[in-house]
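See structure below.
Given the structure is predicted, the values throughout are model-derived calculations rather than measurements. Chain identifiers are assigned alphabetically (A, B, ...) following the order of the sequence lines, protein sequences preceding nucleic acid strands; residue numbering begins at 1 within each chain.
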2 protein chains.
Amino acid sequence: MPTPVRPPRRHGAELERALLQAAREELAAVGYANLTMEGVAARAHTGKQVLYRRWHSRADLVIAAVRAQTGSIADHVPDTGTLRGDVLGVLAWAARRWHDFGPDTIHGVLADLPDLDPRTFVMMEDVMTTILKRAAARGEIATADLEPRVVTLPSTLIRHEMLLTTTPVTEQTCIDIVDHVFLPLVHAVAGPARGRPPG
Amino acid sequence: MPTPVRPPRRHGAELERALLQAAREELAAVGYANLTMEGVAARAHTGKQVLYRRWHSRADLVIAAVRAQTGSIADHVPDTGTLRGDVLGVLAWAARRWHDFGPDTIHGVLADLPDLDPRTFVMMEDVMTTILKRAAARGEIATADLEPRVVTLPSTLIRHEMLLTTTPVTEQTCIDIVDHVFLPLVHAVAGPARGRPPG
DNA sequence: TTCGTTAGAGACGATGCGTCTCTAACGCGA
DNA sequence: TCGCGTTAGAGACGCATCGTCTCTAACGAA
């Protein structure tokens, strides 16, 4: 009888990539709620211990898997020439990113983790600050020195939308947020630079 | 030997109240993540079947338990005489309510339920509309006919705060939201009624 | 008083957890 | 080239909880 072929043993970065890939596939196949360490291990043709050696929990694994897939917003700061276009670009990026996770994944990770790594939010604030500074330099607004809560307002609203509505976040949602909330507020507290008319 | 005393069998509304009470006690004792149907049943001195007969899942049970405890915001619409005071009152009520749930309960319920009952949000919008109409009647603002996204802005922001920060929502948080975001925006899009100076 | 319902209690198989054990493949240093 | 230490791959294990099922007796309604 033929000896069954054994694939070579993977290790290091190659193995880790395969594990994260398996986690993403399992996530897409069964959803976060039904994702099990055993399922991921089976899909990766390995044992659970290999997973537990690297990540403490299901939530850690999934976060690592999604992080490894999508880049950072900091590497894709929009620069369209207008404040409105830039903010819409940021919101579109955020919407796509959260869509990649999927609502049930977000809810599940929030529930499984005691507290959330705030890096994502800080990054978002940095990007918004960059955009506002450029708008101020162009003379679109008088100053980029705004209350933190104002700076983070668009990303906060889009995040709330993703967390508490089942419907997908549309382009129109982003436009509403920018045109009906963010821009009116910014122009109210940091009106257009002198010498330039609004809108 | 003495026959062990058997308490009389409960039923109807009395039993249901006892079950919800047991669920609340169990929730406070072990938290949502560690709450089990068996634990609640044991605390209520009954069997699991009695629970499953009434609620399909852990999340259904917990929601029912908390709903039965706290009232509705619609029954406590603030009326302080100023728009600012009223909105702060609403936010304080919301903060207390969410605090009663606890962050881990909120996250857990969001994860366990496929989609959320939107009644809470609609109620919040109704209350805000009432407050804004009174402010318009007083002449504080020119009109109460605002974009839905503007009307729900304060409750949206406080909800986001509860969902994504671990720190408790303080009075100062509510004040920041009202003074730095909501009121400037409202005055920008529905400035003070003619003949009255702002602030 | 009878009869149908269901509370209270616990057994049951299934599932996934996180740990533990084992063997052999593999990388590295001598 | 060889030998040693690490760890991938595989699965067994005990435990907890799930949701279902069964049974008896208490209770309300007729």
**Study point:** Donor-acceptor contact below 3.5 Å, side chain B:Thr152 vs main chain B:Pro148
**Key:** yes

Check your understanding: Considering residues, nucleotides and ligands other than B:Asp179, do more than 12 of their heavy atoms fall under 6.0 Å from its CG?
Key -> yes

Practice item. Would you mind telling me which of C:dC17, D:dG9, C:dG8 lies closest to the side-chain atoms of A:Arg58? Key: C:dC17

Review point. B:Asp112 has an atom CG; how far is it from atom C1' of D:dT17, in whole Å?
Key: 14 Å

Check your understanding: Between C:dG8, C:dG18, D:dG9, which nucleotide has the shortest distance from any of its atoms to the side chain of A:Tyr52?
Key -> C:dG18

Study note, to complete from the structure: The answer to which of B:Val50 and A:Arg10 contacts DNA chain C further toward the 5' end, by nearest nucleotide, is B:Val50

Check your understanding: So which nucleotide from C:dC17, C:dG27, C:dA25 ends up closest to the side chain of A:His11?
Key -> C:dG27

Point to revise | Within residues 18-25 of chain B, residues whose heavy atoms come under 4.0 Å of DNA chain C | key: none

Exercise for review: Would you mind telling me which of D:dA12, C:dA7, C:dG16 lies closest to the side-chain atoms of A:Lys48?
Suggested key: D:dA12

Exercise for review: Look only at the side chain of A:Ser155 and the backbone of A:Met124, and say whether a donor-acceptor pair between them is shorter than 3.5 Å.
Suggested key: no

Revision key, fill the gap. Of the candidates C:dC17, D:dG19, C:dA7, the side chain of B:Arg53 sits closest to C:dA7

Check your understanding: CG of A:Asn34: more than 12 outside heavy atoms within 6.0 angstrom?
Key -> yes

Point to revise | B:Glu38 side chain, from C-beta outward: closest of D:dT17, C:dG8, D:dA8 | key: D:dT17

Check your understanding: Distance check: side-chain N/O of A:Arg54 vs OP1/OP2 of D:dA8, anything under 4.0 Å?
Key -> yes

Check your understanding: Does NZ or CZ of A:Arg58 fall inside the cone over A:Tyr32's six-membered ring, less than 6.0 Å from its centre and within 45° of the axis?
Key -> yes

Revision key, fill the gap. Here the distance between atom P of D:dT7 and atom CG of A:Leu51, to the nearest Å, is 16 Å

Point to revise | Any residue meeting salt bridge (charged side-chain N to carboxylate O under 4.0 Å, His left out) with B:Glu147, in chain and number order, not counting sequence neighbours | key: none

